[in-house]
Number of protein chains: 2
Amino acid sequence: MSDHRLQDAIDTLKSSGVRITPQRHAVLEFLLNAMTHPTADEIYKALESKFPNMSVATVYNNLRVFKDIGLVRELTYGDSSSRFDCNTSDHYHAICNNCGKIVDFHYPSLNEVESLAEQVTGFDVSHHRMEVYGTCSKCQSEMAH
Amino acid sequence: MSDHRLQDAIDTLKSSGVRITPQRHAVLEFLLNAMTHPTADEIYKALESKFPNMSVATVYNNLRVFKDIGLVRELTYGDSSSRFDCNTSDHYHAICNNCGKIVDFHYPSLNEVESLAEQVTGFDVSHHRMEVYGTCSKCQSEMAH
DNA sequence: TATTACATTAGAATGCTTACAATTAGTGTA
DNA sequence: TACACTAATTGTAAGCATTCTAATGTAATA
């Protein structure tokens, strides 16, 4: 089902002059199929069996390449490690304070906030970020007991 | 001018059963007077001359105490270290992609987003976070040359 | 095929933050 | 004020995520 997105991503890489190595392909494929927003270490562990010799550095290197090209976004929350999101379409995140689960949700882009911020701060605004924090439904029902 | 805020903060600490030590007082005072959002290390360096024997651990310990009580907020961006903000009133941040400068700005709280997110995700939302990114006016004029 | 540039690897190094155990110092009570 | 109790501080070690480095490997090109 995501063959289409994978092929698009590979085309983007190629046209940027980036080589498609097996490791790079695997990281990309894993990210595209991931329902979650994995950390670098999670990606590394997931591909360990397929690429026993792969280095963590390779994961980081490739994530940076993807990020620079705009294929993935790096999400930095309070916790220690970054998460990576290959869904570059406009969306926001809801994060569970309890279990850390991240759920995507759509909302009309907050352009108004950007233009107000420009007026007030004198910035030339390029983008914004927004998340809501709370308790996910699973944790809510567990807490009820 | 911020004696009032400092006294309020100290009262809050006392009523939470937290002792007011000289180091703690100094960290709190520095944060309240800071126009920026300093890192733990910046606070440590700033107080070095006044408290030559103070440990970095003390800065971190106290910041955590303040955070737990709700006197300060921890800001985590992409860069390596956290920043601390003692302005707990509702406001948002504009961050310069170039120099890292952080400017506060006010905007009516995005309650609507929170309630929509609750409906869509099933979360019980407690709060949200939002920032705009761009180029600050100083960097803009420097880039013009 | 030789060359060149880019990727990967393994491990060392870095930087931020926390953990730990020993010492010091506030705070409430007699 | 003096005492005792307990929290806070200190210095250092440890943990963790991430980046760096140098050597090796691999793909594309002439």
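This is a predicted model, so every value here is computed, not measured. Numbers restart at 1 for each chain; the letters A, B, ... are given by sequence-line order, proteins then strands.
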- request: Remember a base hit wins even if backbone is also touched, and classify T39(B) as base, sugar-phosphate or nothing at under 4.0 Å, heavy atoms.
  value: nothing
- prompt: If you check the S55(A) side chain, which of dT8(C), dC16(C), dT9(C) turns out closest?
  reply: dT9(C)
message: Once you measure the plane-to-plane angle for H91(B) and H37(B), does it fall in the parallel (<30°), tilted (30-60°) or perpendicular (>60°) bin?
response: parallel
message: Using heavy-atom distances to pick each residue's nearest nucleotide on DNA chain C, tell me which of K14(B) and F84(B) is more 5'.
response: F84(B)
message: Please report the distance, rounded to the nearest Å, between CE in M54(B) and C1' in dT24(C).
response: 16 Å
- prompt: Looking for any heavy atom pair under 4.0 Å, which part of the strands does T58(A) touch: base, sugar-phosphate only, or nothing?
  reply: base
query: Looking at the side chain of Y60(A), which of dT8(C), dT9(C), dT19(D) is the nearest nucleotide?
result: dT19(D)
- prompt: What's the CG-P distance between N53(B) and dA22(C), to the nearest Å?
  reply: 20 Å
- line: Rounding to 0.5 Å, atoms CZ (F105(B)) and CD (Q119(A)) come to a distance of 11.5 Å
statement: Of dT10(D), dC16(C), dA17(D), the nucleotide closest to the side chain of N61(B) is dT10(D)
statement: Here the gap from Q140(B) atom CD to D124(A) atom CG, rounded to the nearest 0.5 Å, amounts to 5.0 Å
task: Scan D41(A) against the nucleic acid and name what it touches under 4.0 Å (heavy atoms): base, sugar-phosphate only, or nothing.
output: nothing
message: Checking contacts here: which listed nucleotide (dT8(C), dT17(C), dA17(D)) is nearest the side-chain heavy atoms of Q23(A)?
response: dT8(C)
Of the listed nucleotides dT9(D), dT9(C), dT8(C), the one nearest the side chain of A57(A): dT9(C)
